[in-house]
Amino acid sequence: SRSFPGLRKVSEDWKNFGIYTAYEMRSEARSNLETVYLRNSVICYGTDSEGLSITVRSSSRALHVYGVQDVGDKGDLAIIVNSFRLLYREQ
């Protein structure tokens, strides 16, 4: 990726995204100045064809984030992830 040269996948598994179960992939890209951490989560709901993808991004410059495993689990992003709720209305 041009935006994140050297991007590499670190882990991939089913995890929790707040109260939801999501398929998740965590990646990182290192540069001379910082390391960028990405947490991509796919939350399925409703039928098999409904869901959404969420990308949470942080870097080595963030407080309380010391590696890709901390993204969304520690620091300010954890508050956002843990308060995330889907508003789903059946039609």
Give a yes or no on whether V81 and I19 share a hydrophobic cluster (residues Ile, Leu, Val, Met, Phe, Trp, Tyr; joining criterion: side-chain heavy atoms under 4.5 Å apart).
yes
Counting N and O atoms only, with roles assigned by atom type, does the side chain of Y37 sit under 3.5 Å from a partner on the main chain of V65, one being a donor and the other an acceptor?
no
Does a side-chain heavy-atom distance below 4.5 Å link I80 with V56?
no
Ignoring hydrogens, what is the shortest heavy-atom contact between S27 and L7? Give both atom names and the distance.
CB-CD1, 3.6 Å
With rounding to the nearest 0.5 angstrom, report the CG to CG distance, D70 to L77.
10.5 Å
State which residues pass ring pair (Phe, Tyr, Trp, His ring centres under 6.0 Å) with Y66; sequence neighbours excluded, sorted by chain then number.
none
Using side chain to side chain contact (heavy atoms under 4.5 Å, CB included) as the criterion, list what pairs up with N16, not counting sequence neighbours.
T21
If the condition is side-chain hydrogen bond (donor to acceptor under 3.5 Å, both in side chains), which residues does S83 pass it with, not counting sequence neighbours?
none
Criterion side chain to side chain contact (heavy atoms under 4.5 Å, CB included) on L38 and V71, from CA distance to verdict
CA-CA 7 Å; L38 299 171; V71 176; over 6 Å; no
Output all residues satisfying ring pair (Phe, Tyr, Trp, His ring centres under 6.0 Å) with F17, sequence neighbours left out; order by chain, then residue number.
F84
Provide the full list of salt bridge (Lys or Arg N to Asp or Glu O under 4.0 Å) pairs with a residue in residues 35-44, sequence neighbours left out, each pair given once.
E24-R39, R39-D73
Would you please name every residue forming a side chain to side chain contact (heavy atoms under 4.5 Å, CB included) with A78, sequence neighbours left out?
N82
If you group Ile, Leu, Val, Met, Phe, Trp and Tyr whenever their side-chain heavy atoms sit less than 4.5 Å apart, what else falls in with W14?
Y23
With sequence neighbours left out, write down each residue that passes side-chain hydrogen bond (donor to acceptor under 3.5 Å, both in side chains) with R8, or none if nothing qualifies.
E28
Which atom names give the shortest non-hydrogen contact between A29 and P5, and what distance separates them?
CB-O, 3.7 Å
Can you list every salt bridge (Lys or Arg N to Asp or Glu O under 4.0 Å) pair that touches residues 52-68, not counting sequence neighbours?
E34-R61
Listed by chain and number, what are the side chain to side chain contact (heavy atoms under 4.5 Å, CB included) partners of S53, not counting sequence neighbours?
V42
For M25 and K9, the nearest pair of non-hydrogen atoms, with its separation, is SD-CD, 3.4 Å
